[in-house]
Amino acid sequence: MVALKAKGVHPGLAVIIVGDDPASRIYVNNKKKACEYVGFRSEEYALPANTTQEELLALIDTLNQSDIDGILCQLPLPAHLDEKAVINAIRPDKDVDAFHPVNVGKIMIGDYDFLPCTPAGVMELIRESGIDIRGKECVVIGRSNIVGKPMSMLLLHAHGTVTICHSRTVDLAETVRRADIVVAAVGVPELIRGDMIKEGAVVIDVGMNRLSDGRLVGDVAFSEASEKASAITPVPGGVGPMTIAMLMQNR
Ligand code: NAP
């Protein structure tokens, strides 16, 4: 960052938030704080929930043509807005989330400029922990475009043998039991129990689920799974902070 500043480069990220979803507000505030921490310029565009598709696309068009380096539109959008059209409207070289089909395709062929922040954070955690993915049985639970699918591609590029599970998977427990590396990105509190984890497996919990009593838990039953796992990420404090760190790296 110091080197960039010395060269007169002061990267900027535009964050668009539509409506007042409390979870989205927390994510956006964290991203803004991280921008300030690393010395980026961050511009927030907080639009009312009744913003029209045309208004949102006009803002993206303006940002596409401005000197801002990255554009991030916080999802989910209110139901009347077309998420796909919004993702497609962001210029691929400013798409720090890597959701644009051009960037998704680049991830598929392993020749990418940006990575979606959550899967990138998971890969960084695995790498930093000195875990070798080559030849390992990797089971990803969840097939969303944001987490599950790109996660699976990154593990595959790192030479893992990858299985993707989803809501129609017939025997989830048996599939997860085969895994040397488990990545849970489901959104169901503590779905993955200790008896599904192979002795010595690496367990990465992407899930962030708010319970009715206010507690934040992951998709993995942490205390049960940690008795079996050789390494496991907690929720909160595991994958979440890595996601933000990766977003900063994309700029
Ligand atoms: P999503 O779009 O709702 O996708 C959830 C996936 O889980 C779907 O593929 C779904 O299968 C699958 N699934 C649902 N119930 C299942 C079950 N009982 N057994 C097996 N698979 C099941 O969610 P997402 O956006 O990927 O997010 C997943 C979780 O990660 C959420 O808790 C979210 O809050 C969290 N998250 C965390 C971060 C972070 O920074 N830490 C970032 C993004 C997301 P189908 O495809 O068949 O419906």
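Order of listing sets the numbers, starting from 1, for every ligand and every atom in it.
In this structure, a donor-acceptor pair under 3.5 Å is present between the side chains of Asp219 and Asn209.
Distance check, rounded to the nearest 0.5 Å: CZ of Arg143 to OG1 of Thr169 gives 7.5 Å. Here CD1 of Ile87 is found 6.5 Å from CD1 of Ile146. Values are rounded to the nearest 0.5 Å.
Not a single heavy atom of Gly148 lies less than 4.0 angstrom from ligand 1. Residue Cys165 places every heavy atom at 4.0 Å or more from ligand 1.
When atom types are taken as modelled, the side chain of Thr233 and the backbone of Asp205 share a donor-acceptor pair closer than 3.5 angstrom.
Ranking protein heavy atoms by distance to atom 36 (N) of ligand 1, first place goes to Val206 O, 3.7 Å. Protein heavy atom at the shortest distance from atom 39 (C) of ligand 1 is Met208 CE, 3.6 Å. For atom 10 (C) of ligand 1, the closest heavy atom belonging to the protein is Ser167 N, 4.2 Å. At the top of the distance list for atom 19 (N) of ligand 1, counting protein heavy atoms only, stands Leu191 CD2, 3.8 Å. Nearest protein heavy-atom neighbour of atom 2 (O) of ligand 1: Ser144 CB, 3.3 Å. Nearest protein heavy-atom contact of atom 44 (C) of ligand 1 is Val147 CG2, 4.0 Å. Annotation: atom 29 (C) of ligand 1 to nearest protein heavy atom, Gly187 N, 3.7 Å. The single protein non-hydrogen atom nearest to atom 20 (C) of ligand 1 is His166 O, 3.2 Å, given as residue, atom name and distance.
Looking at Ile146, Ile204, Ile244, Val186 and measuring to atom 23 (O) of ligand 1, the nearest heavy atom belongs to Val186.
Atoms of ligand 1 found under 4.0 Å from any heavy atom of Gly142 (numbered from 1 in listed order, with element): 6 (C), 7 (O), 9 (O). Which parts of ligand 1 touch Asn209 is read off a 4.0 Å heavy-atom cut-off, strictly below it: atoms 32 (O). Within ligand 1, the atoms closer than 4.0 Å to a non-hydrogen atom of Arg168 are 47 (O), numbered from 1 in the order shown. For ligand 1, the atoms closer than 4.0 angstrom to any heavy atom of Thr243 are 39 (C), 40 (O).
At a 3.5 angstrom cut-off on N or O pairs, Arg143 counts as close to ligand 1.
Contacts between Thr169 and ligand 1, counted as non-hydrogen atom pairs separated by less than 4.0 Å, are absent for every part of the residue.
In Arg25, the CZ atom is crowded: over 12 heavy atoms of neighbouring residues, nucleotides or ligands sit closer than 6.0 Å.
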